There are 2 protein chains.
Amino acid sequence: MPITDPTPHNTEASRAAARRQQILAAAAQCFREHGFHGASIARISKIAGMSAGHIYHYFENKEAIIGAIVAQDLETLLTLTAELRAACNVRNALIERAAEGVLDQLDPASAALKVEIVAEAARNPHVARIVREADATCRRELMVTIHAIRSAAGHDDTPAATADMVEVLASLFEGLLLRTIRNPDLDRRRVAQRIQLAINDLLDQPG
Amino acid sequence: MPITDPTPHNTEASRAAARRQQILAAAAQCFREHGFHGASIARISKIAGMSAGHIYHYFENKEAIIGAIVAQDLETLLTLTAELRAACNVRNALIERAAEGVLDQLDPASAALKVEIVAEAARNPHVARIVREADATCRRELMVTIHAIRSAAGHDDTPAATADMVEVLASLFEGLLLRTIRNPDLDRRRVAQRIQLAINDLLDQPG
DNA sequence: TAACATAGAATGAGCGTTCGATCTAGAATA
DNA sequence: TATTCTAGATCGAACGCTCATTCTATGTTA
């Protein structure tokens with residue numbers, strides 16, 4: 001069969017994708033400022049620079065926009081842990097990346113959205129499913145990474161023990177999202193160093 | 001002047017207080033299930049067993065209900081840290097209490113409300129003020145406690161170093177709220193033990 | 001011209017809040 | 001004690017508004 005014209009499709013497709021992204025960017029801003037339920041389609045459309053009705057040409061409904069925002073946010077988390085797993089000297093990589101990761105977590109604007117997502121996951125099954133699948137993937141990646149580090153140091157941990165250490169590591173990180181909202185004045189760099197120490201200790205815990 | 005009748009006042013007052021508490025309990029349930037903005041006065045009033053309009057005899061508006069719920073939730077946190085500070089052998093008290101504290105944090109229902117509160121604090125100045133004042137008090141208490149423990153172990157920390165350790169401790173704890181939502185299948189008891197180890201290490205970190 | 005992009009009005013539901021009407025229980029009075 | 005008075009408790013309808021979503025009409029472009 002003949003190849004159908006690629007150019008118009010591409011421009012149409014990219015145009016539509018750009019429009020979609022435009023909506024998502026506006027939605028992310030609104031969700032950060034007003035929460036998922038406080039943000040109205042009217043407000044999102046105003047910031048996205050289009051009519052409210054037109055948004056429904058790109059998303060089935062508001063829930064779909066929320067889903068896309070959640071998936072987009074978790075995507076970055078997935079690539080981060082995947083990168084970590086690929087690093088060669090894994091222990092140093094983990095601890096050095098930790099400092100960057102901590103500073104990211106301590107950015108109040110992005111923290112607000114991340115916390116909003118978990119709050120929504122606690123009551124919205126659709127969001128919960130997305131969040132939990134991404135989290136399971138991250139945990140699997142981190143388990144491999146941590147098991148490798150500890151094996152190299154002579155520990156032979158059970159899967160359960162590794163899973164628990166992953167939970168503590170995750171708790172340490174994710175807690176920062178709440179800390180930066182509860183105490184916006186904390187010293188980000190110094191806290192990052194302390195977290196590095198804590199991770200170091202965690203990796204040397206008895207099995 | 002003569003003492004005015006105490007009995008009717010008491011019953012009236014306690015009746016009103018009971019009614020208020022009834023509303024707050026219903027509101028807490030609704031907020032947990034639907035979030036601050038997803039929960040309507042109509043729904044709260046139905047669960048509280050009274051008409052929607054009647055709620056406005058006890059609270060000025062919905063914002064006031066949110067404020068009361070937030071204050072009530074943070075109250076328990078304040079008494080917990082105050083208790084901790086009063087314990088005699090502080091290090092053991094801290095670490096033993098930690099296990100209980102961890103299990104509390106890992107209760108999904110109460111975690112949902114606590115996360116909702118922080119999410120709201122990120123965008124609602126009134127809630128932010130309540131949350132941050134309570135947090136500052138907790139941090140002060142924890143700083144005294146941790147400084148005492150570390151002094152006894154021969155460390156002479158700067159206030160900044162102590163503050164940073166408090167942040168890490170708080171992050172570890174509060175992160176559990178997010179963990180139990182993201183991964184409801186985690187093993188609560190084993191994670192509690194791991195957290196105890198991590199706190200132990202934290203208290204021995206170099207100054 | 002055909003197909004799609006876009007706007008903006010329309011819709012119906014639900015929201016927070018107000019308000020006037022009742023109900024009720026205890027105080028005052030006879 | 002019996003009756004009236006009264007102030008607060010309570011209800012439910014009503015208000016004005018905003019919401020998510022749909023629909024129709026009008027550009028726009030290939």
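These figures come from a predicted structure and were not determined experimentally.
Residues in residues 37-62 of chain A take part in these side-chain hydrogen bond (donor to acceptor under 3.5 Å, both in side chains) pairs, two or more places apart or across chains: A:His37-A:Glu120.
Atom-to-atom, CD of B:Gln22 to P of D:dA9 comes out at 14 Å; the value is rounded to the nearest Å. Distance B:Phe59 CZ to C:dT17 P: 13 Å, rounded to the nearest Å. Distance CD1 (A:Ile55) to C1' (C:dA5): 14 Å, rounded to an integer number of Å. Protein atom CD1 of A:Ile23 is 12 Å distant from nucleotide atom C1' of C:dA5, rounded to whole Å. The distance between atom CG of B:Asn61 and atom P of C:dC15, rounded to the nearest whole Å, is 17 Å. A straight line from OH of B:Tyr56 to C1' of D:dA9 spans 18 Å, rounded to a whole angstrom.
Among residues two or more places apart in sequence or in another chain, the salt bridge (charged side-chain N to carboxylate O under 4.0 Å, His left out) test is passed with B:Glu83 by B:Arg97. Judged as a side-chain contact (heavy atoms from CB on, under 4.5 Å), and not counting sequence neighbours, the contacts of B:Pro184 are A:Arg132.
A heavy atom closer than 4.0 Å to some atom of DNA chain D occurs in no member of residues 25-33 of chain B. Residues from residues 36-47 of chain B that place a heavy atom under 4.0 Å from any atom of DNA chain D: there are none.
Note that CG of A:Leu169 is 12.0 Å distant from OG1 of A:Thr162, once rounded to the nearest 0.5 Å.
Remark: B:Glu174 engages A:Arg179 in a salt bridge, criterion side-chain N to carboxylate O under 4.0 Å.
When only modelled atom types and interatomic distance are considered, A:Gln72 and A:Gln21 share a side-chain donor-acceptor pair under 3.5 Å.
By the neighbour-count criterion of 12 heavy atoms within 6.0 Å, atom CZ of B:Arg188 is densely surrounded, having more than that number from other residues, nucleotides or ligands.
The two residues A:Ile47 and A:Cys30 come nearest to each other via the heavy atoms CD1-SG, 3.7 Å.
Side-chain contact between B:Leu172 and B:Leu202 is absent, with no heavy-atom pair separated by less than 4.5 Å.
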Q: Would you sort out whether A:Arg190 and A:Gln193 count as a side chain to side chain donor-acceptor pair (under 3.5 Å), showing the intermediate values?
A: CA-CA 5 Å; A:Arg190 286 208 325 263; A:Gln193 288 181 315; over 6 Å; no
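Partner A:Ile149 forms a side chain to side chain contact (heavy atoms under 4.5 Å, CB included) with one of A:Asn89, A:Asp204, A:Leu94 and no other, that one being A:Leu94.
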Dump every N/O contact between nucleotides 10-14 of chain D and the protein below 3.5 Å, one line per pair.
residue	atom	partner	partner atom	Å
D:dT10	OP1	B:Arg19	NE	3.0
D:dT10	OP1	B:Arg19	NH2	3.2
D:dT10	OP2	B:Arg19	NE	3.1
D:dT10	OP2	B:His54	NE2	2.6
D:dT10	OP2	B:Tyr58	OH	3.0
D:dT10	O5'	B:His54	NE2	3.1
D:dC11	OP2	B:Ser51	N	2.8

